[in-house]
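Written below as structure tokens is the structure these notes are about.
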Amino acid sequence: MFEKLISCKNEVSIRCGKDEIKGVITNYYSAFRLVKIRNVLIPIELIEQIEVLEPPSSSSGLAPISRGSLRLVVHERLSGQVK
């Protein structure tokens, strides 16, 4: 999942408890279970939700992707509105 977000260079919003960081995931260190976004390393165990802010044009509508307790939410913007 992280490799796809890295290769597509999608802007995401990552939520960890009350904290939220927006940017592009640049690296995934599977051996250490860390993702790097805006020069911040985040343990994937702490990530509650990843929301894709700029989905690829092939996506349609709202498409949540689940991976264990981690939830990925994709929003596609149509006519300036979030659906």
Closest heavy-atom pair, Cys16 versus Ile47, reported as atoms and distance to 0.1 Å, is SG-CA, 3.9 Å
For Leu46, the hydrophobic cluster (side chain heavy atoms closer than 4.5 Å, chained through members) also holds none
Side chains of Leu5 and Tyr28: closer than 4.5 Å at any heavy-atom pair?
-> no
For Thr26, the side chain to side chain donor-acceptor pair (under 3.5 Å) test, sequence neighbours excluded, returns none
For Val24, the other hydrophobic cluster members (4.5 Å side-chain criterion, sorted by chain and number) are none
Worksheet item: With a 4.5 Å heavy-atom cut-off, do Lys36 and Ile25 have their side chains touching?
Response: no
State plainly whether the residues Lys22 and Glu11 are in salt-bridge range, i.e. N to O under 4.0 Å. no
For Leu34, the side-chain contact (heavy atoms from CB on, under 4.5 Å) test, sequence neighbours excluded, returns Tyr29, Phe32, Leu41, Pro43
Legend entry - Glu48 side-chain N/O to Arg15 backbone N/O, donor-acceptor pair under 3.5 Å: no
Interatomic distance, CD@Glu3 vs OG@Ser30, rounded to 0.5 Å, equals 7.0 Å
Do the side chains of Leu53 and Val12 get nearer than 4.5 Å, heavy atoms only?
no
